[in-house]
Undergrad: 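Supplied in structure tokens, the structure appears directly below.
Protein chains get the first letters and strands the later ones, always in sequence-line order, with residue 1 at the start of each.
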Amino acid sequence: MGKITKVLIANRGEIALRIIRTLDGLNIASVAVYHALDADAPHVAAAGEAVEIIGDTPVGAYLDSTQILRIAWETGADAIHPGYGFLSENAEFAEAAEAAGVTFIGPKAETIRLMGDKIASREFVEQNGYPIAPSVTLGDDKEAFKQAAKKIGFPLLLKASAGGGGKGMQIVEAAKDLDGKIALAASEAERAFGDGTLYAEKLIERPRHIEVQVLGDGKGGVIHLGERECSIQRRFQKVIEEASAPGLEDGLRKRIHETAVGIAKAAKYRNAGTVEFILGADGEFYFLEMNTRLQVEHPVTEEITGLDLVAEQIVLAETGKLAHKQKDIAFRGHAIEARLYAEDADNGFLPATGPLLAFKAPEGEGLRFDGGVEEGQEVSSAFDPMLAKLTAFGDDRSQAIERLIEALKQTVCLGVATNVDFLSRVAAHPAFRAGGYDTGFIAAHADELQPEPIGEDVLEILLTAAQLSGKGPIAPPLAAPEPYASIGEWRN
Amino acid sequence: MNRIFEIGGERHEISPYGNSELLPMDDGPSWLLHGGSSHRIWMARDGDRIFVRMNGRTYEIEEIDPRSTAKDGAAADDTAKAPMPGTVISVEVKAGQTVRDGEVLMTIESMKLQTQITAWRDGEVEAVHLAPGDEFDRGAPLVGLKGEEG
Amino acid sequence: MERIRSHIDTKGKTFKDYAAHNAQVLGEFHEKQRASRFERPQRDLDRLAKQNKLFVRDRLDLLLDPGTPFLELSSLAANQAYDGEVPGAAMVNGIGIVSGREVLVMASDSSVKGGALYPLSVAKSVRALDIAIENRLPVVHLTDSAGAFLPMQSEIFPDKYDGGRVFRNQAMLSKMGVPQVAVVLGHGTAGGAYIPALSDYAVIVRGTGGIFLGGPPLVKAATGEEVTADELGGCDVHTQISGTADYPAESEADGIRQAREIVALFPKAEKSVIDWEEPEEPFYDPKELYGIIPDDIKKQFDMREVIARMVDGSRFHEYQPAYGTTLVCGYARIWGYKVGILGNNGVLFNDSAKKAAHFMQLCDRDRVPLVFLQNITGFMIGKDYEREGITKDGAKMIMVQAGVDVPKFTVLVNGSFGAGNYGMAGRAWDPRFLFTWPNSQISVMGAEQAAKTLTMLKVQQLAKQGKQLSPEEIAAIQTPIYEEYSRQSSAYYATSELWDDGIIDPVDTRNALGISISASLNAPIERRPGGIMRF
């Protein structure tokens, strides 16, 4: 605790840039770390200082806690912001930082450890009287597991205990598939997280992914900053998030907030975090997991509360006190965020790489663009394919959607295939506009979300443009001089 | 020769003539003047990959070299012949092996200069006529590729 | 410049009668031209197909830039010779655009007697290369000729402007720095072998192309050596071993494509700059010419009405409108180029001859190309005129006309008789291009007049011998003379003999002149300032 004067951002891309923006506003010095591949990234130039990091792999460099701590010491940084992903939920790193006298802007290590263990966290939540989806963990007794799984009922979801993001997840439709799916999920989990431990969970009907942003002082004081709806997902990856969740009955919304606050209080949660729930069509909701860090989609909460969450994190890290009382938190309007990924949405969402020949962020009323790349940069497969987040705020959901659609239309990204047109189609889909959708939205409407075939007249324009785009392998012929050009096709 | 562009997996041929115009603006997009109407587009080209964004939709176009698809340009003879007398230094391939355009097939030496005989297209080696150490005259067959199916 | 105010009544009887007559005349012309260009004995077309050769006009389509004009020259050459069996003299020549470049194309028509060279074929080739030299036009040769038609060798080989002149012209072009490319699409034997050899760039098609001074039969006869055409002088021999040709081609299409690439790399044209403005379509419809040109060579018409249907915006600035009124002089624009037009409106008198000489000096000094629209029966004759010096004044006109440095362009609009042809820049006076209309006639004097004169002489001659002729006998003498004269003074005879660069439809005159003027600007125009003599 104590005044923070210099923060090292142990991250990259848009979040690193976003954190630096708040630091600049607070007059706090910033240190960026970057792998050689990111040398041209905007966060490097934006930071007060930048130090290169090395690793066996580019991602490995950002995960090298020893190197990063050393750099913090060398640059005199008194705090580290881990962003999201990378080292943000690495309890050892949080401990090592504190031990080195560097403030870790985030929760305590023990909270990270608790909530990082999917099985332990669920037990904790259940013990404290909060709802969890019926589940059973695969221990040594595979048969007992299978029996318990059958009791939960099919379809059910196999999940990795050690991590999320869709890895190690398998849906089991019937008992006969159980063995095969267990083997698949376990090996995937082993590869992704180094831990093949699984648990089985009831697959909720038409589930909505609702999460609540909380802030805690680490001594049991917790406030919430409203919920977010994150049900627009593809293969368990969030694509579009909103604040507030559309069409939630007030009583239900209140109960979800209170549950989230209750869980965070029970854990004596410190700093910013998000409690994630699954809400079934029957109105029942269950604890899913808690993310002990700032989330990708935090901008939508910032938009409707008017708060800067990174600034709140810093205040909490400096003072150990919550700057606001729950009654002071007001919600106004509606915000929707769309994630811009470098993936070829028209071709199975395969990751796309290449140079960013043109990159233009949209501008307009109520728009916020959190970009992590610049025109001219090379998008490689070494890192996460998210290029930017586009957030549209409106006085109501309808206006937010209109602004989002317009903003997506204005977004220009050439040189690398992106999902921007796919996002446009989702935002314009009537089922999205209606609200009340669930996590099966994209899969259910997959056909309608396909791109329209290219019409003849559009094709003609494209071919004409392509012809004028450059000379190509066979250089173009010269134009005829006058008067020949004006006479045109004539024979005597 | 017509230009060939691939869009959405389909190839289209277009005459290299036309009187459309592209007027780039300072702020990034361009105006495409075609057939009496104007269209505001963003366009960028990298090598033979072309990206166009128009009316809120992004398109990826690839220019295909028409000579790689031309049938009337097929090599009359699929055997590399010695440009002058010399000796074979090394052989890198054998009959039946698949090779890529530009891959080294054989190294020869003539007049104290070493030359690499490289594959003139993707294909399969039909025969290697000489071995390292062999001497040859001008015009001697060196390596042959299997004839392309017409 | 002001627009000419037309006085033609397009609804009047005269107009309609003329139009009906000319519809027939033009119909005949177009049909003759179509037949000459496309009608071939089936066996000749079959032979081409079997040899894997393209028809000459298909080759031209591959060569020329799409959407561009092609001005064909002397399309009806030899139409009255060799029993009509050698249409176009077995070649297609013209000016067009290849890879954005203005060039002269000379293409053998191997569907006609295998592209054999007849005396008029040689004349047509020499004329084409003369055009190339005078106008500094790059040349594309599409050669596919069986060689000289030997039975007529005495008219093909020895004289100054016979076969050798073709190659001499090629050498001169090379010396002048005018590039040439040849595509060898057939066997070039003996003389024909020199066309690629004397060209800067030569493309030869594998299988069908051949270059050899003596073909296989001649070689066998001369030395006993048995050899195939390909072994003797085919593509590989000349592109790999002898270096006589530069580029091997797999097919005719490939060869022509390579020629297009070569032309794209020719040195850029450095054209003379003359006064030019944005062009304007004529205000009066050129088709009205059909109702203006009379149905009888003796009938008069106002040349201004013809000019109005040929020039930009129908605008014409008449020079000395009140003086020498039988010759119309003035400035106009054709496809933007400012030109000085001289057009006959009657017989040439002293004043019209002097006016012409004065006006041509102005144009020469100010670098304004000259366009001559001929409809002339001759200079005025008679005692008074001789005393005034009509011969002397005619000489002034001729002297100035011969001496100008600006390019000259001549169109035989109607009659071209006698010395009037000379003063008005006929063939002998080196206009860069000379075109005729299908109704035109050319001879030293009109057929009727000539027949009458000659018959009268004959009658007088016989009368001296004491013979008296009946009207029928006189007619029997006069009619054949008249018919022979008419035949030899018709536009078709003239064009057959290469006395012009082609018959054109009157409505095509503006395009033909626009292209001709553009082509002529590839050669420099000397600037010769000097005082103007007001004769």
Undergrad: Answer with side chain, backbone, both or neither: which region of C:R260 has an atom nearer than 4.5 Å to a non-hydrogen atom of chain A?
TA: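 Answer is side chain: those atoms of C:R260 sit under 4.5 Å from chain A.
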Undergrad: How long is the span from the CD atom in C:E278 to the OG atom in A:S486, to the nearest 0.5 Å?
TA: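 It is 7.0 Å, given to the nearest 0.5 Å.
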Undergrad: Are the side chains of C:I515 and A:I487 in contact, using a 4.5 Å heavy-atom criterion?
TA: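 Yes, close enough: below the 4.5 Å cut-off.
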Undergrad: Determine whether more than 12 heavy atoms belonging to other residues, nucleotides or ligands lie under 6.0 Å from atom CD of A:E448.
TA: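 Atom CD in A:E448 is crowded, with more than 12 foreign heavy atoms closer than 6.0 Å.
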Undergrad: Tell me, side chain or backbone of C:E72 under 4.5 Å from chain A's heavy atoms, or both, or neither?
TA: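 Interface part for C:E72: both.
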Undergrad: Does C:E31, at its CD atom, have more than 12 non-hydrogen atoms belonging to other residues, nucleotides or ligands within less than 6.0 Å?
TA: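 Counting neighbours around CD of C:E31, more than 12 heavy atoms of other residues, nucleotides or ligands fall under 6.0 Å, so yes.
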Undergrad: So does A:L350 have more than 12 non-hydrogen atoms from other groups sitting under 6.0 Å from CG?
TA: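 Yes - once you tally the heavy atoms of other residues, nucleotides and ligands closer than 6.0 Å, there are more than 12.
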Undergrad: Of the non-hydrogen atoms in C:S518 and A:E482, which two are nearest, and what is the gap between them?
TA: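 Here C:S518 and A:E482 meet closest at OG-O, 4.1 Å.
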Undergrad: Answer yes or no: does atom CD of A:E365 have more than 12 heavy-atom neighbours from other residues, nucleotides or ligands under 6.0 Å?
TA: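 Count not over threshold, so no.
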Undergrad: When you look at C:K268 and A:L478, which way does the side-chain contact (heavy atoms from CB on, under 4.5 Å) test go after all the steps?
TA: CA-CA 11 Å; C:K268 293 276 178 284; A:L478 295 166; 4.1 Å; yes
Undergrad: Considering only heavy atoms, which portion of C:I517 lies under 4.5 Å from any heavy atom of chain A: side chain, backbone, both, or neither?
TA: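 Neither the backbone nor the side chain of C:I517 comes within 4.5 Å of chain A.
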Undergrad: Does any backbone or side-chain atom of A:A479 lie under 4.5 Å from a heavy atom of chain C? Answer side chain, backbone, both or neither.
TA: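 Contact with chain C: backbone only.
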Undergrad: Which atoms of C:Q33 are under 4.5 Å from chain A, going by heavy atoms: the side chain, the backbone, both sets, or neither?
TA: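 Just the side chain, heavy atoms under 4.5 Å.
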Undergrad: Can you tell me if C:Y290 has over 12 outside heavy atoms packed within less than 6.0 Å of its OH?
TA: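 Above 12, so yes.
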Undergrad: Could you check if a side-chain atom of A:W490 sits within less than 4.5 angstrom of a side-chain atom of C:L71, using non-hydrogen atoms only?
TA: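 They are in contact (side-chain heavy atoms under 4.5 Å apart), so the answer is yes.
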Undergrad: For the atom pair CD1 (C:I97) and OH (A:Y484), what is the distance rounded to the nearest 0.5 Å?
TA: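 Result: 5.0 Å between the selected atoms.
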Undergrad: When you measure from the side chain of C:D508 to the backbone N and O of A:N492, does any donor-acceptor pair fall under 3.5 Å?
TA: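 The answer is no, because no donor-acceptor pair under 3.5 Å joins these two groups.
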Undergrad: Can you tell me how far CD of A:E489 sits from CG of C:D65, rounded to the nearest 0.5 angstrom?
TA: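 The CG atom of C:D65 sits 11.0 Å away from the CD atom of A:E489.
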Undergrad: Is chain A contacted by the side chain of C:S99, its backbone, both, or neither, given a heavy-atom distance below 4.5 Å?
TA: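 When you check distances to chain A, only backbone atoms of C:S99 fall under 4.5 Å.
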